[in-house]
Structure formats: C-alpha cells, structure tokens
Amino acid sequence: MTDAYRLEASGRTRALNGVRERHDGDYVLYWMTATRRLVWNHALDRAIEHAERLGKPLLVFEPLNVTYRWASERLHRAILDGMVEHESGLARVGVGYFPYVEPERGAGRGLLRALAARACVVVTDDSPVFFTPELLAAAARLEVCRVEAVDSCGLLPLSRADRTFVTAFQFRRFLQRTLPDVLGDAPAAAPLTTAHLKPFTGLPPSTTERWPAALPDRLVAERGLAHLPIDHSVAATNWRGGYSAARAALRRFIECGLDRYSSERNDPDANVTSGLSAWLHFGHLSAHEVFDEVTRAEGWTPLRLSSRTDGSRRGWWGMSEGAEGFLDQLVTWRELGFANAVREPALERYETLPAWARSTLEVHASDRREYVYTLEQFTAAETHDELWNAAQRQLAREGTIHNYLRMLWGKKVLEWTDHPRVALDIMIELNNRYALDGRDPNSYSGIGWILGRFDRGWPERSVYGKVRSMSSAATRRKVRVEEYLRRYGGGAGD
DNA sequence: ATCGGCTCGCGCAA
DNA sequence: TGCGCGAAGCCGAT
C-alpha cells in the first residue's frame with residue numbers, strides 16, 4: 001500500500017467514482033459540507049496530503065445553500081459564524097477559500113462542476129447527516145477527476161459498524177471490542193500549521209463572475225440575512241457557531257462541568273451539561289478533540305481501559321464517574337446514532353421503529369386521548385400543561401430543550417396525538433425546525449427513543465402501550481422546575 | 001425514601 | 001433453554 005492511500009486502511013476514505021486523479025489540474029479541491037472545521041478533520045488531512053504529494057495548491061469550497069428544508073436565519077447564522085473563521089484562518093496559510101452563500105434557489109447549480117473541472121482530485125465529507133447523502137450522490141456524478149469521500153464523523157469509522165444494533169448495551173459491547181483498534185486513528189489537531197502547500201492564486205473570472213464568493217463576515221455584520229429565501233420566523237439566537245465558540249465551551253465544560261456531570265446533569269438549574277451537541281452537529285467541533293480533552297483532564301491512557309467487553313457502562317474507561325458518564329453520551333450514544341443512520345438512511349419513517357414498539361403502539365392507537373393537539377397548537381406552546389409549554393418555548397426561543405425535559409416534551413407529544421405516526425412527524429418537524437442540533441442522527445435517536453427505539457418494554461398503559469411512559473407530575477417531583485417555569489413560562493420572557 | 005414488579009430482545013453459559 | 005441485563009419510569013407497598 002502506497003503512502004498516498006494510507007488513510008484508506010483505516011476505512012475512512014472511499015472513492016466515489018472510478019476516475020483517476022489529474023496531474024494537469026490547478027488545485028486539489030476540498031468540498032466542505034458536513035465537517036466544517038480546519039482542525040481534527042480527516043477529510044482536510046486527506047486533501048492536504050493530496051496537495052502536498054501533487055505539488056498543487058489547495059482550495060476549500062464551503063457552500064451554504066438555501067434549498068434545504070428548514071433553512072432559517074437560525075441555521076444560516078450558525079453556519080456563517082463558522083465560515084467567517086474559515087475565511088481568515090485559510091487566508092493566513094495560503095489556502096484558497098471559496099465561501100458561497102446561495103442568494104436564491106438554484107443559483108448555486110453548476111458551481112461544484114465548474115470548480116471540479118480544474119481540480120486534480122476532489123475530496124468531500126462522508127456523512128449520513130441530513131442531506132449529505134444527496135451531496136455525496138452529486139459528487140459521485142462528477143466525471144472529471146477522482147472524487148473521494150472521507151469520514152470524520154466520530155471515533156469509530158462509519159464503515160466499521162457493519163451490523164444493526166438494537167440497544168445501547170449491545171452497541172457498547174461492540175465498541176468495547178472495536179475502539180481499542182481505532183483510538184490511535186485521530187486526525188491532526190492543527191494540520192495547516194505543518195502543511196507545505198503551494199499558495200493558491202485565485203479562480204478564473206468566469207467562475208467568480210457567475211458565482212460571486214460570499215463575504216460571510218459582511219453577511220453577518222451588515223446586510224443581515226433578510227434578503228435570503230429562508231424561514232425568517234426562526235430567528236438567530238445568542239448561540240454562536242464556529243470553532244472558537246465551540247472550543248471555549250469545551251474548555252469551560254472540562255473545567256467546570258465534567259466532575260459534576262453524572263450527579264447534577266438532570267437539574268435544569270445546575271448547568272453542567274456539555275452543551276456541545278450543536279457544534280458537533282454542524283461539524284464545527286470534532287468528537288476526537290472532545291475525547292482528547294477529556295483524556296488529558298483525566299490523565300488517562302488506553303492502558304486504563306477495562307478488558308471486560310460485557311457491554312456494561314460502569315468501569316469501561318477507567319476514568320472518573322463524571323467522565324465515564326459524559327463519554328457514554330459522546331461515544332456510545334453519539335456513535336450509535338451515526339451507525340444507525342448509516343444502516344437506515346430514512347430514520348423519519350415510522351416503519352424503522354422496532355417491531356415490538358410499533359405493534360404495541362398500534363394496539364393502543366384507538367385508546368381515548370385525554371388531550372389531542374395539532375402541530376400548530378404544539379408549535380405555539382398552547383397545551384394545558386405549563387411545563388410542556390415552557391419546554392416548547394425554550395426550544396423555539398433558544399434552539400434547545402433541557403436534557404431531562406426534552407424526554408417529557410416528546411413523551412407528551414406521543415400522548416397527545418391521535419397516532420404515533422403523527423407524533424413522530426410533529427416531533428421531527430419541531431425539532432428540525434427549531435433545534436440547533438436538530439437534523440442529526442442523534443436527534444432521531446432521541447425522538448425514536450420516545451417511541452421505543454433502543455428501549456425495552458414496560459408495563460402496559462393506555463396510549464403508550466408497552467412503551468415507557470413519563471408524567472409531568474413525576475417530573476415536577478424529580479426535577480426542580482420553579483426557576484425553569486419562571487424563565488419560560490407564559491407571558492414575557494427573555 | 002426505598003423497593004419490587006412490570007416488560008422486551010439479546011448474548012452467553014450450559 | 002434459562003439467566004442476566006439494560007438512558008433517565010410508574011405505581012403501590014412498606
């Protein structure tokens with residue numbers, strides 16, 4: 001195996017077409033779609049490797065289209081925050097950067113093809129997230145040069161999860177056997193500081209005239225997003241996308257949240273959750289970097305890994321209780337979501353739920369519901385239950401719901417709709433529209449869990465059947481909700 | 001406050 | 001074939 005194809009041995013790189021690389025191209029093109037970061041990124045490593053080997057400049061093409069469902073000021077702003085950083089970060093090291101913000105539907109058509117026409121090789125992000133599979137299909141249709149997809153989604157290469165896993169327990173056992181092999185396969189922490197690249201000298205006017213590059217900082221600071229054909233009712237929040245905000249949040253969590261993580265994470269007031277999921281979703285932050293920070297804080301080495309592979313959560317890593325609890329989220333549950341998304345690309349389909357859950361839900365589909373609400377009523381937080389309404393208001397305003405309350409939020413949608421199919425549609429619509437970390441495999445895991453996915457049977461009850469139920473009354477006893485209700489209660493809020 | 005029962009699918013030991 | 005086990009629950013008994 002030659003050095004050029006070294007990464008393929010790890011199962012993260014795959015060729016999307018059978019075309020050869022071109023030696024007379026102008027540059028190596030990295031089409032950045034899902035892994036939107038300049039650090040800890042296998043795809044960027046791969047693109048740099050090609051550029052160095054071929055002695056060509058590197059061009060990073062990062063588009064933001066308006067044609068995707070749920071495009072809104074909130075989601076656009078998050079991605080633009082990252083693009084602003086990429087613009088300055090790449091200019092410093094002589095790497096070309098083409099940030100393209102599509103001004104109207106279809107305006108970006110043909111741009112990828114035009115850029116690829118002058119490329120030696122095209123590298124893009126491999127990912128099952130949201131519409132990335134459609135982009136990969138488009139990349140595969142490029143016939144001008146070799147096109148590769150590189151998976152930088154998580155600690156486990158997507159290609160390694162070759163079975164369907166029904167429970168986290170089962171998947172954890174698989175990880176306990178598999179991860180030790182792949183933990184050394186981390187992307188470079190700062191690849192651009194050591195790269196030896198020919199400086200990028202610019203694109204031909206024929207390209208930049210037809211598709212003017214966006215200036216993300218100006219879009220954010222001056223023009224705003226008002227002129228774009230996106231959902232303006234879902235406003236940007238105070239949350240900032242991009243690597244530097246992610247990095248700051250990661251440091252804060254490692255220093256202040258990790259040791260209290262397992263004991264206080266269900267308390268909405270304690271504020272010890274990591275809050276990293278949206279950055280992970282947009283690709284602004286790498287699970288590898290998060291893992292690396294946790295291991296440093298714990299003074300951990302792989303020698304501390306337990307030799308047991310029984311699927312048990314306790315004592316797997318040989319870290320503190322807080323770190324083990326957090327890694328179960330970051331590694332077990334996040335990787336399970338991705339593995340599941342690869343096996344089942346249409347997780348929004350009711351039929352993908354486990355058979356036992358569907359059959360028990362069907363038996364109880366005709367049970368009388370105490371309340372039934374429409375999507376419009378849920379959207380407007382107009383149920384009889386102030387705790388539910390508060391959770392929905394937090395989602396609409398801030399793009400997130402507190403960990404524990406989001407479970408209650410979903411269980412009540414199941415309880416207050418005529419059929420679990422309707423509940424699934426409503427949860428997906430609200431979550432994908434408002435949540436910063438929506439449209440992600442992990443969102444679908446969470447929503448699926450509401451309807452029984454990755455869970456087991458429980459005593460049979462009305463409407464829920466054998467699917468686990470939750471009640472607002474029990475939640476009020478278990479979780480301190482007073483402050484939460486004050487913040488997100490009816491009337492004016494911040 | 002704490003405990004057991006309820007309930008499902010899977011892997012593993014036998 | 002039986003046993004143990006599991007993302008966060010609920011209910012009733014003690």
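Letters go in sequence order (proteins before strands), and every chain restarts at 1.
Under 3.5 Å, the side chains of A/E362 and A/H419 contain a donor-acceptor pair of N or O atoms. No side-chain donor-acceptor contact under 3.5 Å links A/W239 and A/E398. A side-chain donor-acceptor contact under 3.5 Å links A/H364 and A/D367. Inspection of the A/D125 and A/Y30 side chains reveals an N or O donor paired with an N or O acceptor under 3.5 Å. Neither side chain, A/N389 nor A/Q392, offers a donor N or O lying under 3.5 Å from an acceptor on the other. Of the N and O atoms on the side chains of A/Y464 and A/E415, at least one donor lies less than 3.5 Å from an acceptor on the other residue.
Remark: ring of A/W333 overlaps the six-membered base ring of C/dA7 in a stacked fashion, centroids less than 5.5 Å apart, planes less than 30° apart.
Non-hydrogen atoms lying under 4.0 Å from DNA chain B are contributed by nothing in residues 306-314 of chain A.
Using P as the reference atom, B/dT7 and C/dG12 are 15 Å apart when rounded to the nearest Å. Comparing B/dC12 with C/dA7, their C1' atoms are spaced 23 Å from each other, to the whole Å.
Backbone-only engagement by A/S469 is indicated by non-hydrogen atom pairs under 4.0 Å involving sugar-phosphate atoms exclusively. Counting any heavy atom pair closer than 4.0 Å across all strands shown, A/T332 reaches no nucleic acid atom. Using a 4.0 Å heavy-atom distance criterion, A/R177 is classed as a sugar-phosphate-only contact. A/W356 comes within contact range of the sugar-phosphate backbone alone, with a heavy-atom separation under 4.0 Å but no base atom that close.
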Can you give the dot-bracket line for DNA chain C, using ( ) for pairs inside the strand, [ ] for pairs that cross earlier ones, | for pairs with another strand and . for unpaired bases, where Watson-Crick and G-U count if both distances are under 3.5 Å?
-> ||||||..||||||
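When DNA chain B is scanned in the 5' to 3' direction for atoms under 4.0 Å from non-hydrogen atoms of chain A, the outermost contacting nucleotides are B/dC6 to B/dC12.
Aromatic ring centres of A/F454 and A/F171 lie farther apart than the 6.0 Å criterion allows.
The side chain to side chain contact (heavy atoms under 4.5 Å, CB included) with A/V467 is formed by just one residue from the set A/K411, A/R456, A/R461; it is A/K411.
Considering only side-chain N and O atoms, A/R456 lies nowhere under 4.0 angstrom from the phosphate OP1 or OP2 of C/dG9.
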